[in-house]
Amino acid sequence: MSAIYGANGAGKSNLIKAVSIIQRIIVGGSLDRISSTFYKMPFLLKKDAADEPVSAAVEFYHNGIIYYYSISFEKNCVVGEELYVSKKDSDEPIFSRRVVNGIQEIDFCKAFMEKDPNNPVFAKALAEKILAKTDLLISFMGEKYTNEIAAISDAYSWFCNNMKVVEPSSMSGITAHLLDSNTEMLALLNKTLPEMNTGISKIEIKKIVLREDDDTLSSGLKRRIQQAKESPGVAFPAGNIHDSRVYASVVYENNECILKMMQPLHVDVEGTEFFMPLESESDGTIRLIDYIPFIYSILHEDKVYFIDEIERSVHPIMIKLIVSKISENSSCRGQLIFTTHESCLLDQKILRADEIWFAQKDSDQASHIYPLSDFNIHKTANIELGYLNGRYGGIPFLSNLKDLHW
């Protein structure tokens, strides 16, 4: 795991945004297909940065191989793109793509180029005629030539399927379907909620059959029905049914279009069980429920989750319990990387020194991220107290409040 601390404005959220942007560009396959303009913005606090390309790189482990992928781009052009297999002594190039003086060049690994005499011709045609300068090579090869170079397909698959980004205000619209289709996940939820004393005994999934000729359905819900019918078995967010925080799932299965909603079961003062609408629950409880799919996935699947402000709307003790459960599970297969301000997680029984990171700006207002292990911390040290006292950085340095007459 990695927990990233830092003052407001230190760059924590921008790190998560950068990861999200890389994924969205790769999944979309082109700079042109991304609606957000954030990725096109240069570093605004440096005058000559507007004339420099933006560069980003990710090193990741997938199917027993360590990959290194990097991309450099300007507003309307990918000027550099590379994929390597990282090895102990040297890196093995899989492909390299660059634009020099407006001319695009593409090189593939030696094994591919020598495998077939047509492959060098293909690489040349790809650079000159086929691949637009706004398109990504990893996406093009990963989608259209999946069997040509296994390393590209493997790396592309990781970005599409094994990396998940959760933003502070995001709520999943398919949680109800995930819980309904996975009894183990639902059991984990119904074990966790009573432990956290939320007042919920358990969650059940309510199912309603939807019909297109039902005039009481909204136009948005009817569009979801059509989408679900075109992709059987795939869940779609129904949109907010009763509350902007609460989403249901629409899925076409067993030749029917089903609306799935989560129903919390409570017990009143007389001991009688009754269902309460999910929108009656607190923001924190709803967010805890929405966390269950990623917790289950981290425990059982080889996936990486990036979560911005993991503690948002959730009590510190609950967040500490969640992170502790993941940390203590020796069979955990996934990885959790999150930003937080919650100092109670600064406990070496939960996180190692190399799993705790701090974001801080330098005198040029550029963000730097460094691990606690740089400080050679003793395993018995109270790192929470040291952090709050500013020993490791990553906290706001405030003006003297007495001078402000506070």
For Ser139 and Ile26, indicate whether the former's side chain and the latter's backbone hold a donor-acceptor pair under 3.5 Å. yes

Determine whether the aromatic ring centres of residues Tyr67 and Tyr61 are separated by less than 6.0 angstrom. no

How about Glu81 and Ser72: does a side-chain donor come under 3.5 Å of a side-chain acceptor? no

With no hydrogens and no angle check, do the side chains of Arg223 and Gln226 hold a donor and an acceptor under 3.5 Å apart? no

Take atom CD1 in Ile317; do more than 12 heavy atoms of anything else shown fall under 6.0 Å from it? no

Does a side chain donor of either Tyr252 or Glu230 reach within less than 3.5 Å of an acceptor in the other side chain? no

Taking Met1's backbone N and O only, do any of them form a donor-acceptor pair with Glu355's side chain (distance below 3.5 Å, no angle check)? yes

For a ring pair (Phe, Tyr, Trp, His ring centres under 6.0 Å) with Tyr5, tell me which candidate from Tyr387, Phe338, Tyr370 qualifies. Tyr387

Do Asn8 and His341 come close enough that some side-chain heavy atom pair is under 4.5 Å? yes

With no hydrogens and no angle check, do the side chains of Ser96 and Asp107 hold a donor and an acceptor under 3.5 Å apart? no

Where the side chain of Thr192 meets the backbone of Leu188, is there a donor-acceptor pair that is under 3.5 Å apart? yes

Please tell me whether Glu184 and Tyr296 have a donor and an acceptor in their side chains that are separated by less than 3.5 angstrom. yes

Find the distance between CD1 (Ile71) and CG (Leu83) and round it off to the nearest 0.5 Å. 12.0 Å

Are Phe375 and Tyr392 close enough that their ring centers fall under 6.0 Å? yes

Does Asn376, at its CG atom, have more than 12 non-hydrogen atoms belonging to other residues, nucleotides or ligands within less than 6.0 Å? no

Side chain to side chain contact (heavy atoms under 4.5 Å, CB included) partners of Cys332, counting only residues at least two apart: Ile298, Leu299, Ile326, Asn329

Taking the inter-plane angle between the rings of Phe159 and Phe60 on a 0 to 90° scale, is it parallel (under 30°), tilted (30 to 60°) or perpendicular (over 60°)? perpendicular

Are Ile149 and Phe95 side-chain neighbours, meaning at least one heavy-atom pair lies under 4.5 Å? no

Find the distance between CD (Glu148) and OG (Ser153) and round it off to the nearest 0.5 Å. 9.0 Å

So His378 and Gln348, side-chain hydrogen bond (donor to acceptor under 3.5 Å, both in side chains) or not? Walk me through it. CA-CA 10 Å; His378 192 272; Gln348 294 190 75; over 6 Å; no

Does a side-chain N-to-carboxylate-O contact under 4.0 Å join Glu256 and Lys207? no

Looking only at the side chains, is there a donor atom on one of His177 and Glu253 sitting less than 3.5 Å from an acceptor on the other? no

Ionic contact status for Arg97 with Glu82, cut-off 4.0 Å: no

Under 3.5 Å, which donor-acceptor pairs do the side chains of residues 194-202 form with other protein atoms, sequence neighbours left out?
from   : atom 1 : to     : atom 2 : distance (Å)
Glu195 : OE1    : Lys325 : NZ     : 3.4
Thr198 : OG1    : Leu193 : O      : 3.4
Thr198 : OG1    : Ile200 : N      : 3.4
Lys202 : NZ     : Glu204 : OE2    : 3.1

Under 3.5 Å donor-acceptor, Glu167 side chain and Glu309 backbone: no

How long is the straight-line distance from CZ of Phe275 back to CG of Leu265, given to the nearest 0.5 Å? 5.0 Å

Flag the pair Arg333 and Glu301 as a salt bridge only when some basic side-chain nitrogen lies within less than 4.0 angstrom of an acidic carboxylate oxygen. no

Would a line drawn from the ring center of Tyr305 to the ring center of Phe294 be shorter than 6.0 Å? yes

Between Asp308 and Lys17, does any side-chain N to carboxylate O distance fall below 4.0 Å? no

Does a salt bridge link Asp214 with Lys222, judged by any charged N lying under 4.0 Å from a carboxylate O? no

For the residue pair Ser327 and Ser324, confirm or rule out a side-chain donor-acceptor distance under 3.5 Å. no

Yes or no on side-chain contact (heavy atoms from CB on, under 4.5 Å) for Asp347 and Glu384, after CA distance, side-chain angles and deciding distance? CA-CA 7 Å; Asp347 183 339; Glu384 180 180 11; over 6 Å; no

Under a 3.5 Å distance rule, please check whether Ser249 uses its side chain to pair with a backbone N or O of Gly173 as donor and acceptor. yes

Can Arg352 and Asp354 be counted as an ion pair, charged N to O under 4.0 angstrom? yes

Contacts of type side chain to side chain contact (heavy atoms under 4.5 Å, CB included), residue Ile319, not counting sequence neighbours: Tyr291, Ile310, Glu311, Val314, Val323, Leu345

Salt-bridged, Lys320 to Glu342, with N to O below 4.0 Å? no

Taking the side chain as every heavy atom from C-beta outward, state whether Gln263 and Ile203 have any atom pair closer than 4.5 Å. no

